[in-house]
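Below: the structure, in structure tokens.
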Amino acid sequence: KLLLELEAHQQILEIQNTELNRTRQELITSLNEFTELYEFSPVGYLTVDQEGKISNCNQTLCEMLCLPKVDLNKHLFTKFISGSSQGTYFLKRKELIQRGGRNSCELCLSTSDQKGLWVRLESKYMMTPNAQCKEIRIVVSDISERILTDEKLRKLTFALDCSSLGVFITNLNGSIEYANKKLYKITGYSKEEIIGQTPKLFQSGETLPEVYNDLWKTIRTGNEWVGELYNQRKDGSYYWGRNSISSVKNAQGNITHYISNLIDVTHEYELHEKLNYQASHDPLTGLINRREFEKRLERIIQVAKQQHNEHVFCFFDLDRFKIVNDTSGHPAGDELLRQIASLTRDNIRQRDTLARFGGDEFGILMESCSLSQAEHVAEKIRDMIEHLNFHWEGNSFSIGVSIGLASINNHTKDIDEAFKKADAAC
């Protein structure tokens, strides 16, 4: 019986030894796995003691600093922090020791290849049973790519802010997510007033809906839209904006945002209008010149041929105008021409066209007017000019006028014929 009990007990011990060996092997395997995870983690690990010396670190940290462990362990961690970042580290370490818990900071480490490595330190304060600082455990994450990206973004933002173009970016719903300083200057709105709004904020209500329909149709298909919009500033003033709007796509080729480049071209329009005005108007009187008058006369001749209606071309030049110029000089003659232009303009219909051809020659294009009606107007003009007493530097002048009328109808061949008839009648 005793032998049987001893055999049973031996079998139990063998089973226990087998379980113990299996457990020991599992622990060794787990420890190896943990060690491998620790050593080759995506982030660096290190532990520093009360004096700030590295008591332990993993292989990842060694690779970050391009140094073997033997050059790291038992050395002050500050030895591997660049000079510009040491102040940050000491401040955070002091704060951690005083308050306990955790904290974080971003700083630059010095590597053996003389390249700075930007990292984020996540530090945890470890206490002894008697509330003394035992050690500080630190997780080191490489943030170099993020810092590089941030630097690129700063450069791009600076470049955009220095650009002569107003730039803004919207999401697919049209909400503005970014705008540069030039856009604030062009529109008169502040950053707070623009971000989160849609480009409707800039609309004047004067641009045709068809333009906006074409704009959205173009950019939603991924193409660039280029055009000019008549917009309104915050102060209510209007401006012409030349826009190029493009879609922004992600890696999958899907449109995620729209970017608009805007330049204020109001001065171009104003200059264009000024040049057009100068090309079509007499600088002395402000009336249209002969070139513009001939364009309108040509149009009326074509209308008369198509619609068989009647118009009148009135041509007149001043009598005794040369006497004023010779006696009192060209300034007097210029003032007389301005007065004649003003008087005549006040005595014709608003839809009639008054022009100065040059010298003392004028013309009136009377649209939808019979010859008898034109004769009445011409007689009124003749009487008005002949009763005008022109005064200049103590001298008084009376002048006359010669007027010729030519009917414009479906038989009028061209502007040359109209001028010849009016000149002959004059």
Side-chain angles (χ1 to χ4, degrees), residues 1-82 85-86 88-90 92-113 115 117-146:
K1 182 177 180 180
L2 181 60
L3 288 172
L4 289 174
E5 289 178 354
L6 287 172
E7 287 177 359
H9 184 66
Q10 186 176 3
Q11 288 177 355
I12 292 172
L13 288 175
E14 288 176 354
I15 292 172
Q16 289 178 340
N17 285 332
T18 301
E19 289 293 330
L20 184 61
N21 288 333
R22 184 167 60 250
T23 302
R24 184 184 295 111
Q25 188 60 45
E26 288 176 353
L27 287 172
I28 291 172
T29 302
S30 296
L31 180 60
N32 290 336
E33 290 176 353
F34 173 79
T35 300
E36 185 175 356
L37 287 173
Y38 172 77
E39 291 292 345
F40 301 102
S41 169
V43 296
Y45 291 106
L46 75 148
T47 303
V48 297
D49 59 20
Q50 302 95 315
E51 298 177 357
K53 292 181 180 179
I54 299 174
S55 57
N56 190 19
C57 68
N58 68 348
Q59 184 61 32
T60 302
L61 183 67
C62 297
E63 293 175 357
M64 283 181 174
L65 297 174
C66 304
L67 290 169
K69 278 192 179 182
V70 67
D71 291 340
L72 293 177
N73 288 334
K74 306 306 178 184
H75 286 84
L76 288 170
F77 181 46
T78 52
K79 176 182 177 182
F80 308 102
I81 300 175
S82 66
S85 294
Q86 288 196 8
T88 301
Y89 173 72
F90 281 121
K92 287 293 183 179
R93 185 172 181 271
K94 180 180 179 181
E95 177 185 299
L96 192 63
I97 293 173
Q98 290 176 345
R99 300 181 183 178
R102 303 169 182 264
N103 68 17
S104 63
C105 65
E106 294 180 359
L107 48 77
C108 186
L109 299 181
S110 298
T111 62
S112 63
D113 58 2
K115 292 181 179 178
L117 177 69
W118 278 95
V119 296
R120 179 178 178 82
L121 302 185
E122 299 283 347
S123 303
K124 183 178 181 181
Y125 182 73
M126 306 301 295
M127 301 284 290
T128 62
N130 59 351
Q132 296 296 317
C133 176
K134 180 182 178 182
E135 60 187 17
I136 297 175
R137 294 176 183 173
I138 304 174
V139 179
V140 184
S141 304
D142 184 350
I143 60 170
S144 298
E145 288 295 328
R146 198 207 78 195

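These numbers come from a predicted model, not from an experiment.
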Problem - Spatial distance of atom NE2 (H9) from atom CG (L2) [nearest 0.5 Å] - result: 11.5 Å

Exercise for the section: Mind checking the CZ-CZ spacing from R102 to R137? Nearest 0.5 Å is all I need. Expected result: 10.5 Å

Handout entry: E36 vs E33 side-chain heavy atoms within contact, under 4.5 Å
Key = no

Exercise for the section: Applying side-chain hydrogen bond (donor to acceptor under 3.5 Å, both in side chains), name anything that partners E122, two or more places apart in sequence or on another chain. Expected result: R120

Practice task
Spell out, as yes or no, whether a donor-acceptor pair under 3.5 Å connects the side chain of S55 to the backbone of D49.
Solution key: no

Problem - D142 to V119 - nearest heavy-atom pair and separation - result: CA-CG1, 4.3 Å

Exercise for the section: Taking all non-hydrogen atoms of both residues into account, name the closest pair between Y45 and L61 and its distance. Expected result: O-CD2, 4.1 Å

Problem - Nearest-0.5 Å distance, CG of residue L76 to CD of residue E51 - result: 8.0 Å

Fill in the blank from the handout: Distance col, row F80:CZ vs L109:CG, nearest 0.5 angstrom, shows 10.0 Å

Practice task
Answer yes or no: is there a donor N or O on one side and an acceptor on the other, between the side chain of S82 and the main chain of C108, under 3.5 Å?
Solution key: yes

Exercise for the section: Check whether any side-chain heavy atom of S144 lies under 4.5 Å from a side-chain heavy atom of L117, and answer yes or no. Expected result: yes

Handout entry: Heavy-atom closest pair, residues C57 and C62
Key = SG-SG, 4.0 Å

Problem - Side-chain (N56) to main-chain (T47) donor-acceptor, under 3.5 angstrom - result: no

Problem - Distance (rounded to the nearest 0.5 Å) between Q25 CD and L27 CG - result: 9.5 Å

Handout entry: Pairing residues for R146 by the salt bridge (Lys or Arg N to Asp or Glu O under 4.0 Å) criterion, not counting sequence neighbours
Key = E106, D150

Completion exercise
Correct closest heavy-atom pair for C105 and T88 would be CB-CG2, 4.1 Å

Handout entry: Set of salt bridge (Lys or Arg N to Asp or Glu O under 4.0 Å) partners for R24, sequence neighbours left out
Key = none

Fill in the blank from the handout: Looking only at heavy atoms, the pair that brings M64 and P42 closest together is CE-O, 4.4 Å

Completion exercise
Interatomic distance, CG@L96 vs CG@L121, rounded to 0.5 Å, equals 11.0 Å

Practice task
Applying side-chain hydrogen bond (donor to acceptor under 3.5 Å, both in side chains), name anything that partners S110, two or more places apart in sequence or on another chain.
Solution key: none

Exercise for the section: Write out all pairs satisfying side chain to side chain donor-acceptor pair (under 3.5 Å) with one or both partners inside residues 57-77, taking only residues at least two apart or from two chains. Expected result: E39-K69

Problem - Non-neighbouring partners of E145 that pass salt bridge (Lys or Arg N to Asp or Glu O under 4.0 Å), sequence neighbours left out - result: none

